[in-house]
**Q** 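Got a structure for you, questions after.
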Amino acid sequence: MTTPPAGLEGPERRDFIREIVAADVAAGRVDAPVTRFPPEPNGYLHIGHAKSICLNFGVAAEFGGRCHLRFDDTNPEKEEQEFLDAIEADVRWLGFDWGEHLYHASDYFEQLYGWAGHLIEAGLAYVDDQSADQIRETRGTLTGPGRDSPWRDRPAAESLDLFARMRAGEFPNGARVLRARIDMASPNLNLRDPILYRIVHASHPRTGDAWCVYPTYDFAHGQSDAIEGVTHSICTLEFENHRPLYDWLIEHLPVPHVPRQVEFARLNLTHTVLSKRVLLRLVQEGRVRGWDDPRMPTISGLRRRGFPAEGIRDFAAMIGVAKTDSVIEVGQLEFAVRAVLNRTAPRRFGVLDPLKVVITNWPGDRIEAMEVVNNPEDPAAGERPVAFGRELWIEREDFLEEPPPKFFRLAPGREVRLRNAYFITCDEVVKDESGTVVELRCTYDPATRGGDAPDGRRPKATLHWVSTAHAVPAEIRLYDHLFAQPFPGAGGTDLFGDLNHASETIVHGAMLEPALADAPVGATVQFERLGYFVKDPDSGPDAPVFNRTLTLRDTWARVRASG
RNA sequence: UGGCGCGUGGCUCAACGGUAGAGCACCUGACUCUGGAUCAGGGGGUUCCAGGUUCGAAUCCUGGCGCGCCAGCCA
């Protein structure tokens with residue numbers, strides 16, 4: 001993060017969370033902030049989590065504090081080791097380091113169990129024998145109070161005994177729960193004797209079968225924060241209603257530290273969906289290639305798509321942090337990604353839809369090595385030799401037999417420049433029986449080697465090209481937004497009905513300059529004039545597969561579309 | 001007809017009582033061996049509404065309106 005993100009020059013940025021932290025530091029309430037990123041290992045991380053990761057690790061770094069990675073693994077029925085591993089890898093890939101501070105809520109199960117007992121002894125919690133249905137029925141409504149459980153006033157000793165027997169495995173799932181004893185008439189439903197522990201006979205990815213009672217989020221999260229010395233427990237808006245409970249538990253437990261919960265608005269993006277539930281469905285129903293499908297908003301999907309971590313971090317910095325529910329246009333993310341890629345991606349030649357060009361005045365089989373610029377944005381990237389010969393592939397859409405007014409590229413009788421090579425003029429169009437153009441016969445000007453004419457002639461277009469004798473065929477996967485609608489499922493329509501059926505287009509028989517065959521998986525390049533592409537793990541030894549990360553900004557496409 | 005939170009250009013976010021700014025998007029021009037990049041410029045806001053306080057309100061107060069979240073033994 002050495003280069004300031006686009007649009008972020010100037011004074012240090014200050015969102016309301018950083019102001020809170022700064023104020024706490026200034027007032028001496030905290031020495032240095034301790035934050036945490038607390039994912040539940042029940043799925044893969046997505047771009048929304050990236051916002052939170054950048055916030056938590058960013059605040060810690062900026063104020064000389066630290067950020068923990070803590071798994072909120074309190075629900076063994078949904079959590080898996082695969083997710084634990086993927087989450088660690090994704091956070092690391094994003095560029096953040098938790099050092100020694102890797103924790104799990106499950107590390108604290110014994111302590112949490114002890115504190116639950118403390119609450120029971122203090123008359124602040126009780127074992128409830130009601131069923132889930134009964135508890136729901138007596139919780140009341142948004143506008144009306146709930147009713148006390150018949151077990152609410154049972155002796156502490158009895159609750160203690162029952163709670164121990166719950167842990168010992170004497171009861172089936174759902175037979176009893178431990179509840180806080182707060183206020184069944186509270187306007188905040190979270191305070192109507194919330195459930196602290198439930199019986200779950202399931203194997204936990206980390207604790208195995210050691211437990212059959214598990215703390216709920218509410219009983220685990222704040223206390224974990226307290227144990228770790230977290231100063232600012234930053235979470236999303238939907239937990240705002242939980243803050244009174246968070247504070248109540250901290251106040252009534254002998255915790256070693258008092259953390260503070262602060263809420264911000266989660267990220268929403270157009271043309272995609274950031275719901276773990278829906279993402280899981282997309283994967284399970286085979287609508288995508290998996291969690292890391294290049295169309296997925298998951299960190300692993302973005303990575304496979306070719307979005308650099310730096311671009312994602314810049315994006316997070318650009319959009320800021322606030323409490324307003326908002327939806328960011330996906331174009332903003334794409335802007336941040338292009339900004340990084342434009343600076344860093346080596347340029348290469350790749351022809352997606354090849355059309356043969358034969359240079360009729362080329363001397364026989366001669367092959368010349370043209371010196372081609374690797375990155376005009378980065379002189380240090382140097383040049384590379386690219387073979388040039390009598391027969392070449394150019395992009396089919398770079399030729400039009402009857403060019404409209406604003407079309408500058410190749411046409412009969414017209415001269416264009418082949419990038420870093422020669423000027424060529426189209427003399428003849430060869431078609432097959434069906435009338436399809438199959439070959440262009442052109443002549444080149446030997447005086448324009450390298451791409452400049454001695455007489456100062458300047459063609460209006462410069463085309464990319466690949467020598468047919470050297471080209472490597474490849475599969476190219478063109479990606480577009482996962483959903484065709486900016487707000488999928490808006491207006492109560494079926495979410496999946498808004499899927500973009502053209503989100504993935506597979507192109508076979510693209511022709512690439514030979515160097516690309518050896519590129520490592522994950523290598524990002526710019527195919528000149530087309531966009532950014534990344535080598536996909538599906539690539540074979542002699543069968544490269546490239547994913548299109550993003551197109552270049554294309555004003556011609558706009559002209560064409562509008563007219 | 002509960003509680004909590006939020007309302008500033010198309011989108012996101014600033015402005016913390018003193019003439020409403022930035023990034024993205026959009027438009028125009030310059031430059032260019034990527035119709036890219038870069039540079040310069042432009043259009044666009046009754047700051048949700050109505051009262052009030054104040055010399056002065058996007059900022060403070062009151063009342064509306066709109067939107068979001070909450071009735072899992074999910075997080």
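So you know, we letter chains A, B, ... as the sequences are listed, proteins then strands, and number each from 1.
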**Q** For B/U34, does OP1 or OP2 lie under 4.0 Å from any side-chain N or O of A/R417?
**A** no
**Q** Is any side-chain nitrogen or oxygen of A/R198 closer than 4.0 Å to OP1 or OP2 of B/G72?
**A** no
**Q** Going by purine N1 to pyrimidine N3 plus the second Watson-Crick contact, or the G-U wobble pair, all under 3.5 Å, which nucleotide sits opposite B/C74?
**A** none
**Q** Please check if the distance between the ring centroids of A/Y197 and A/F219 is under 6.0 Å.
**A** yes
**Q** Kindly label the base of B/G66 as syn or anti, based on whether its glycosidic torsion lies within 90° of 0.
**A** anti
**Q** State which of B/G35, B/A71, B/A14 makes the closest approach to the side chain of A/A322.
**A** B/A14
**Q** Distance check: side-chain N/O of A/R18 vs OP1/OP2 of B/C13, anything under 4.0 Å?
**A** no
**Q** On a whole-Å scale, what distance lies between the C1' atoms belonging to B/C49 and B/G44?
**A** 22 Å
**Q** Work out how far the P atom of B/G41 is from that of B/C48, and round it to whole angstrom.
**A** 30 Å
**Q** To the side chain of A/L552, which of B/G35, B/U34, B/C11 is closest?
**A** B/U34
**Q** Could you measure between the two P atoms, the one in B/A57 and the one in B/C65, and give it in whole Å?
**A** 26 Å
**Q** Taking the six-membered ring for Trp, are the ring centroids of A/F307 and A/F315 within less than 6.0 Å of each other?
**A** no
**Q** Is the ring of A/Y217 stacked on the base of B/A75, with centres less than 5.5 Å apart and planes under 30° off?
**A** no
**Q** When you check the phosphate oxygens OP1 and OP2 of B/C16, does a side-chain N or O of A/R14 lie under 4.0 Å from one of them?
**A** no
**Q** Do we see a donor-acceptor contact under 3.5 Å between the side chains of A/Q223 and A/Y246?
**A** no
**Q** Given B/A71, B/C4, B/G36, which nucleotide is nearest the side-chain atoms of A/R347?
**A** B/G36
**Q** How far does the C1' atom of B/G52 sit from the matching atom of B/A14, given to the nearest Å?
**A** 28 Å
**Q** Counting Watson-Crick and G-U wobble pairs only, both distances under 3.5 Å, name the nucleotide matched with B/A20, or none.
**A** none
**Q** Who does B/C6 pair with, Watson-Crick or G-U, both distances under 3.5 Å?
**A** B/G66
